[in-house]
Each structure stands twice: as structure tokens, then as C-alpha cells.
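See below for the structure under consideration.
The figures here come from the full heavy-atom set of this structure, side chains too, leaving out hydrogens, waters and symmetry mates. Only a predicted model underlies this, so the values are computations on that prediction, with no experimental measurement involved.
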Amino acid sequence: MARARTPSRIPHWFNLKAYDRLEGFKTQDWLHVIAELTFLGEMGEAMRSAADNEEELRAELEHMFIELQENLGHGGSDAFKERYASNPDVYAFGSVASVNTLVAASMSARLERMEGAQDLIGSLRKVIDADIEGDSDAWREANREVWDQGAFGRVPFFVALRHSDEFAKSPLSLPNHRAVTVDLSVPDATIRQDFDKWLAAMRQLDSDYAAKRPFTSADYQRWVQGGYVPLLMLDGWRRATGARITYGDMCDAAFPMGRRVEVDDVRKTLLPNAKSWASMENIDALAVQAANEDAVRHSEE
């Protein structure tokens with residue numbers, strides 16, 4: 001039996017019809033929606049914690065929520081997608097790119113601050129200087145010094161960074177990027193097999209999270225049917241303003257009349273799923289997918 005519609009604490013600006021256009025959304029649109037919802041949720045809570053005037057806060061929040069509702073998918077930045085833009089000229093292809101000089105310099109600067117790295121760097125400089133000067137005796141001696149420090153030199157860079165005092169004191173998380181060497185003298189099939197093994201090992205680390213696979217139109221339809229966006233808008237408003245919106249209110253407001261959705265469906269499944277859906281992992285997955293779709297379209301033009 002369908003739920004009876006009852007008076008609720010739903011904000012006056014909420015308009016379920018505004019979410020009908022989600023039906024036609026593509027990858028880039030969904031990227032913008034998730035990024036906007038994530039930003040709005042974080043901003044709303046931050047504004048509430050710092051607010052002095054409740055009336056002014058509510059008016060400002062109302063403007064933000066209305067703006068998002070009226071411009072779903074069209075007000076977001078392409079910054080996330082641009083991080084994964086393919087550029088064959090610099091051998092960058094979506095999520096895989098050659099290490100450029102900026103990245104190499106950043107790694108070098110960090111390495112110089114790690115305990116135990118100074119001796120290794122000094123020995124390597126001797127190797128380079130001897131090589132440039134053509135001094136084979138000095139080159140062999142410097143290489144012996146490098147070999148004697150091999151234990152530190154064989155540690156993967158990201159492991160050394162994670163265990164360093166510098167990282168322990170930093171508020172920044174461990175970057176998701178990994179520098180990897182590829183031996184192009186072996187067959188492509190072997191490289192792919194070995195890369196799969198390396199990737200599997202990386203995925204087992206507790207600091208690395210990602211969506212399990214690229215998204216499809218079936219996923220987009222499931223997000224629409226689950227009411228993820230209107231539910232998150234109402235939940236975000238509740239958290240930002242302290243409004244006493246109940247699960248029953250959400251159940252009534254976020255789904256069309258005649259749609260069989262119970263309060264427990266919202267409380268136990270739909271809202272928790274929506275919250276876990278609006279994640280950085282999904283933003284990154286949609287960003288690289290949107291960038292790759294752009295690359296395919298451009299190649300066909």
C-alpha cells in the first residue's frame with residue numbers, strides 16, 4: 001500500500017520535478033553533480049559551525065541549495081576531468097602518464113629531506129659527475145658507494161615517503177600517484193601481466209581506494225531510481241540547518257507519488273547508499289571516464 005502524503009518539514013524550495021532531468025545525464029553531468037553535492041555538504045556544515053546569525057545563515061544556505069537544484073550538472077568545474085586529460089604529445093593517457101620533470105623534481109626535493117637519503121644522493125651525484133667527466137675510475141668507485149647503500153635504494157619511493165618523519169609531520173595524505181618503471185625490452189603481453197600483478201599489490205594497501213569499475217548507463221539509471229540526488233539534497237539541508245526532517249519526510253518528498261518506497265528503505269538502504277556514493281573515489285572514476293570519453297570523441301572528429 002502506497003504511503004499517504006502528510007505535512008512535513010520539507011523546505012519550501014524543494015522541487016522534485018527539478019530532478020527529472022537526471023534521466024538524461026551522461027558521465028560528465030554525473031561528475032558535476034557528485035562534485036557539487038560533496039562541496040555543498042562540506043560547505044553547509046562549515047558555514048553552520050561558524051555562523052553567528054541563524055537567519056542570515058539560513059538565507060545564504062537556501063540560495064546555495066536553490067542554485068544547485070536549478071542547475072544540476074551544469075554549474076560544476078571541469079578541474080577534476082582536466083587532471084586526466086589525454087595528451088599524446090607528453091605521453092599522458094588518462095590515468096597513466098609519463099613522469100614529467102615537475103613530478104621528478106618534487107620527488108627529488110622530498111627525497112633530499114628523508115633521513116638516510118643524503119648519502120645515497122651524494123654518491124649518485126659522484127656517479128653522474130664522473131660519467132660527465134669521463135673518469136672511469138671515479139665512476140667505478142662512486143658506483144661501489146651506491147651499491148653499499150643498496151638497502152635504502154631498493155625501497156619503493158612511496159614506502160620511504162610514508163615511513164619518513166617528513167610525512168608523519170605533514171597534514172597531507174599519501175598521494176594516490178605511483179611512479180613505476182617499465183622495461184620496454186620485454187613483450188607487451190608480459191608487461192601487461194606484470195602490471196596487473198603490481199596493480200593488485202597496490203590495491204591491497206589500505207591507503208588506496210578506487211571505484212571497482214567504470215560506470216555505465218545502468219548505473220546512472222540506478223542512481224536515479226534510488227533517489228540519490230534528492231535524498232542527499234534533503235539530508236544536506238537537514239545537517240546544514242538543523243531542520244528536523246524525518247526519514248518519513250524524505251520518503252514522501254524524494255520519490256514520485258505512487259512509487260512504493262518505505263521509510264525503512266530510506267533509513268537502512270537508500271540514504272546510506274547515497275552517502276557512500278557521493279565519494280572522492282566516484283568523483284575520480286567519473287573524471288577519468290569523462291576525460292577518456294572526450295579523447296575518443298576528439299579522435300573521431
Result block: side-chain N/O donor-acceptor pairs under 3.5 angstrom for residues 94-103, not counting sequence neighbours:
residue	atom	partner	partner atom	Å
Asn100	OD1	Leu102	N	3.2
Asn100	OD1	Val103	N	2.8

_From CA spacing to verdict: ring-ring contact (aromatic ring centres under 6.0 Å, His included), Phe14, Tyr19_ = CA-CA 10 Å; Phe14 183 81; Tyr19 303 90; 5.6 Å; yes

*Taking atom CZ of Phe39 as the centre, report whether more than 12 heavy atoms of other residues, nucleotides or ligands fall under 6.0 Å from it.*
no

*Locate the shortest heavy-atom distance separating Leu16 from Ala254; write the atom from each residue and the value.*
CD1-O, 3.5 Å

Please list, one pair per line, the donor and acceptor atoms closer than 3.5 Å that link side chains of residues 127-139 to other protein atoms, with sequence neighbours excluded.
residue	atom	partner	partner atom	Å
Asp135	OD1	Asp137	N	3.3
Asp135	OD1	Ala138	N	3.1
Asp137	OD1	Arg140	NH2	2.5

*Any sub-3.5 Å donor-acceptor pair from Asn282's side-chain atoms to Trp277's backbone N or O?*
yes

*Any donor-acceptor pair under 3.5 Å linking the side chain of Ser108 with the backbone of Ala104?*
no

*Can you tell me how far OG1 of Thr246 sits from CZ of Arg267, rounded to the nearest 0.5 angstrom?*
12.0 Å

_Quick check: closest heavy atoms across Ala211 and Glu281, and the distance to 0.1 Å?_
N-CB, 4.1 Å

*asked:* Distance check, rounded to the nearest 0.5 Å: Leu271 atom CG versus Asp265 atom CG?
replied: 12.0 Å

*Minimum heavy-atom separation for Tyr220 to Phe25, with atom names?*
CD1-O, 4.0 Å

*In Å and rounded to the nearest 0.5 Å, what is the CG to CD distance from Asp294 to Glu82?*
10.0 Å

*Out of curiosity, does Val180 fall in the hydrophobic cluster containing Phe93 (side-chain heavy atoms, cut-off under 4.5 Å, transitive links)?*
no

*For Phe215, does its backbone N or O pair with a side-chain atom of Gln289 as donor and acceptor, under 3.5 Å?*
yes

*Look at the side-chain heavy atoms of Ile, Leu, Val, Met, Phe, Trp and Tyr, link any pair under 4.5 Å apart, and say whether Ile283 and Tyr84 land in one connected group.*
no

Return a table of donor-acceptor pairs under 3.5 angstrom between the side chains of residues 194-202 and protein atoms on other chains or two or more places apart.
none

*How would you list, by chain and number, every residue that makes a salt bridge (Lys or Arg N to Asp or Glu O under 4.0 Å) with Arg192, sequence neighbours excluded?*
none

_Ile245 with Leu68, same ILVMFWY side-chain cluster at under 4.5 Å_ = yes

*asked:* One thing to verify: whether Asp219 and Arg222 come together as a salt bridge, which I'm taking to mean a side-chain N less than 4.0 angstrom from a carboxylate O.
replied: yes

_With rounding to the nearest 0.5 angstrom, report the CD1 to CE distance, Ile121 to Met114._
9.0 Å

*Look up atom CD1 in Ile191 and atom CG in Asp183, then write down how far apart they are to the nearest 0.5 Å.*
7.0 Å

*Least distance between heavy atoms, Met250 atom then Ile10 atom*: N-CD1, 4.5 Å

*Can you name the residues that form a salt bridge (Lys or Arg N to Asp or Glu O under 4.0 Å) with Glu141, not counting sequence neighbours?*
Arg144

_If you count heavy atoms of other groups shown closer than 6.0 angstrom to OH of Tyr91, is the number above 12?_
no

*Answer yes when Asp284 and Arg83 have at least one side-chain N-carboxylate O distance shorter than 4.0 Å, and no when they do not.*
yes

*Would you check if the side chain of Glu112 reaches a backbone N or O of Gln118 as a donor-acceptor pair within less than 3.5 Å?*
no

*asked:* I need the Glu36 CD to Met64 CE distance, nearest 0.5 Å.
replied: 11.5 Å

*Would you indicate whether Gln221, at its atom CD, is surrounded by more than 12 heavy atoms from other residues, nucleotides or ligands within a distance under 6.0 Å?*
yes

*What closest approach, in Å, do His32 and Gly73 show between heavy atoms, and which atom pair accounts for it?*
ND1-O, 3.0 Å

Under 3.5 Å, which donor-acceptor pairs link side chains of residues 227-237 to any protein atom two or more places apart or in another chain?
residue	atom	partner	partner atom	Å
Asp235	OD1	Arg238	NE	3.4
Asp235	OD1	Arg238	NH2	2.5
Asp235	OD2	Arg239	NE	3.0

*Contact summary for Ala290 and Lys81, nearest pair of heavy atoms*: CB-CD, 3.7 Å

*Side chain Glu62, main chain Trp13, donor-acceptor under 3.5 Å*: no

